[in-house]
Amino acid sequence: MFADTIETIDQCAPFALKEAEKNKLFLNRINYLNQHHYENCAPYQNIINFLGSDKPVKQLSDAQYLPVQLFKHKELYSIKNEDIVKTMTSSGTSGQQVSKIFLDKKTANKQTKVLSKIVKDFIGGKRLPMLIIDTIDTIKKRSAFSARTAAIRGFSIFAKSQYFLLNGDLSFNENTLHEFHSKFSHEPFLIFGFTSFIYEKFISELEKRNLNYDLSQATLIHGGGWKKLESKAISNHAYKEKLKSLCNITRVHNYYGMVEQTGSIFMECEEGRLHCSNYSDILIRDEHFQLCGHGENGLIQLLSLLPGSYPGHNILTEDMGKIIGIDDCPCGRKGKTFQALGRAAQAELRGCSDVS
Amino acid sequence: MSNDDIYRQAFIEGLSIEENEFNEELEYNTIVEWDSIGHMSLMSALEDAFNISLDTDDIVDFSSFQKGKEILQKYQVAI
Amino acid sequence: MLANTFLAPQTEEKNEKIKALTYPREVFDQGVVNFLIAISQRLQRHGSIKDYPDLASLAFWCRPANIEKLKIQFSRTSNKQNIYQGLGKVFHITPANVPLNFFYSLCFGLLAGNANTVRLPSRQSPQEKILLDVINELIKEKLFSSLRELISFVRYPSDDEQTTEGYSKNCDARVIWGGDSTIEKIRKFPIPARARDVAFADRYSFAMLDAKSVGHLNFSELNRFAENFYNDVYTLNQNACSSPHLIIWTNREDDSEKRFWSAFESIVRKRHSLNHSAAVSKFTQLLVGASEDFDGAEATLTSDQKQNHLYRIAVNKISPSLSALRIGNGAIYEFHIKQLDELNLLINEKFQTLCYFGVDIDSLKQWILKSNIRGIDRIVPVGQALDINTLWDGMDLIRQLSREISLR
């Protein structure tokens, strides 16, 4: 049995560990999780046995990963049924099957704590007024936990008071913006929302209505992916430029993450790089799942130390990306940095049942 | 035109090759033009040229210029 | 109604009093046959046909000799005295997984003598566009003007139930591709009492290879054979109903099988290109099987190390539910048998195509006659798994879409 190293990691600042030290602690916890899920999740055990990868690994890249789509096909968890406190679902781009992620108290808590640790590194420890580019209805539904619900609830821990900008039908409510602006625009505050929502329901509306609010005290955090904006072909750079020219927002952080690894998200720093924290790591693989070199585009594999209730600690995504560097970001944070490049081209083939 | 000429011409047209690229040792997959797609247009060209209808098995077996001659004999085409 | 691709304009009749009906027609109507041949010829001259193997196959399929062959196939089993006539209007719901499938469905409807409304996949593929352009061009020609009323294409979202309902109400036959779930959805909408449904359910296909016969092949025969099998498996990414997913080996000979695989793998490596997305999807499907322990079978994975081109999964036990664990994108289960009877419990109504090599046809025939199995509708040599025919899925589609007028 591997000693669990998570507590040692918990004692470090989230971006403090350098590659060598991090690796040792990280690998240990991954081996620990491998064994834990092997013993407690029968389908996972079947898979590992079939692939013959049931041995402890000496390198992170040797650890067995599961394709993220698998969570759409199988319900995978390593806890007793009665210990499930929350089930999260992915939005699922194909619209049909969704991933189901089962959480127990321990993993859910861990997610909240780590998320807070990571985000605090960017916005500081004080809770701030928060303008959410969404409707309050999104968080009202307790039972169905969509990725949006989870994200807003997760980020709520940084809010002193919450304002929801959108009406129930997702239309723009200028009164809310006006009220928020007059109350809080002279102190630091947060704007949070999904990448596509902020573009379509905030930026576009400000443009259309020709509104000029000075929001220069804001830090804007957005995530959820660029997929929905693909047709508009808007780059991260142009996105930031618009926010700056429209309402003087200069601190904009995109974050990248999967519902399968909630909590250990990847934040974009001031230099525009996505950062692994102590709790996460990334590898890039080609179409034969061989490791790519730095700077080479390939499939993103994500590792997280948090998932204890389900075997989602090592997943191969359908997203493309490339590594930028290790421990060398000018922003000062240690760890690997990377760029995410969106979904791999050509969606999954859906067999004979596809008449869409 | 003799059958022999028609046969050659069907290869040149069916595979879209130049006359100087043609030789009697041509085999399936030995030149880029005679791949699985080229094969289909070659078979169509032969069917049109000789006004025959080739069996699927013969289309599958049709692996070279020489082999093709044998196959066409079955269809009363002597080359 | 959101239909937006009406290709065939309603022709204005000059003399409304004696408005001639252009359908139903006799099966294998000469005008229809000429039209299909014209499509074939126009496509074969088309510059971009080389880029789309499926378009090339289509052009090959409707070449004169093949249409003639289908006609002979039909008349050989017909009563010379009787009259065979189309039903009237056929509504086709075609699948997106095989981009040009809609055209074959249309051909069956046309050759059976009907007017056709074809629902196209909501996403247009480049090869579909080329084909539609060719059809559009031809139908404008005076020579084919009488066919205009026989062909219309529509494209609307699959959740537009009203449109589906409307077309269903007004057809004489409805052809449903797209498998079990589509059939279930579409059958909610009634068709007229006299009308009929021709539905293509989810199917599973496999191969039977005789190891001993494979062993007798010389090097170039082996390559040719492997290449044919490659085409069966890898064309359409193993995504068609007739793409084999399983090899049943008879007369086990490990050396011969090894020899085959090495020839096969080298063709795969040469010809197959795998994109990132397909690789992940393939790996996912493999692990879905693994997580279920392949229904209790001992399974060994052989993949060319460091490559995702080909997964081979040898199993020591086989059950019908294995057919639900299909992987796709180049993955093959393998199972050895000593006698055909071992398959009796495996073959259920889902099994469609059996492609064979080196297997004795007579004993295959005897086995099928005696074993009371409900599946297997097509038995073809390796290399012909995807050759579509008017005999398909256990039905004669010309007969399904026409009526026989008995004349005494």
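Any value given below was found using the heavy atoms of this structure, including those in side chains, with hydrogens, waters and symmetry copies removed. Since this is a predicted model, take the numbers as computed values, not measurements.
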Undergrad: Answer with side chain, backbone, both or neither: which region of C:Arg45 has an atom nearer than 4.5 Å to a non-hydrogen atom of chain B?
TA: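 Interface part for C:Arg45: neither.
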
Undergrad: Quick one, C:Glu68 and B:Ser53 - any side-chain contact, counting heavy atoms below 4.5 Å?
TA: no

Undergrad: Counting only heavy atoms not in B:Glu18, do more than 12 sit closer than 6.0 Å to its CD atom?
TA: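 Counting other residues, nucleotides and ligands, CD of B:Glu18 stays at 12 neighbours or fewer.
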
Undergrad: With only heavy atoms counted, which part of C:Ser40 is less than 4.5 Å from chain B, the side chain, the backbone, both or neither?
TA: neither

Undergrad: Looking at every heavy atom in both B:Asp48 and C:Pro64, which two are closest together, and how far apart are they?
TA: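 Reported closest heavy-atom pair: OD1-CG, 4.2 Å.
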
Undergrad: Heavy-atom distance under 4.5 Å to chain C: side chain of B:Asn51, backbone, both or neither?
TA: neither

Undergrad: Step through the shown structure and confirm whether more than 12 heavy atoms of other residues, nucleotides or ligands are within 6.0 Å of CD on C:Gln30.
TA: yes

Undergrad: Of the backbone (N, CA, C, O) and the side chain (C-beta and beyond), which part of B:Glu33 lies under 4.5 Å from a heavy atom of chain C, both, or neither?
TA: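 Backbone only.
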
Undergrad: Are any non-hydrogen side-chain atoms of B:Ile59 and C:Gln384 less than 4.5 angstrom apart?
TA: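 The answer is no; the side chains never approach within 4.5 Å.
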
Undergrad: Are more than 12 heavy atoms, taken from residues, nucleotides or ligands other than C:Glu26, located less than 6.0 Å from that residue's CD atom?
TA: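 It does not: C:Glu26 CD has 12 such atoms or fewer within range.
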
Undergrad: So which heavy atom on B:Met40 is nearest to which on C:Pro53, and how close?
TA: CE-O, 4.2 Å

Undergrad: Tell me, out of C:Lys69, C:Arg224, C:Glu221, who's got the most heavy-atom pairs with chain B below 4.5 Å.
TA: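 The answer is C:Arg224.
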
Undergrad: Looking at NZ of C:Lys50 and OG of B:Ser41, how far apart are the two atoms once the value is rounded to the nearest 0.5 Å?
TA: 6.0 Å

Undergrad: Report which part of C:Asn223 has an atom under 4.5 Å of a heavy atom belonging to chain B: side chain, backbone, both, or neither.
TA: neither

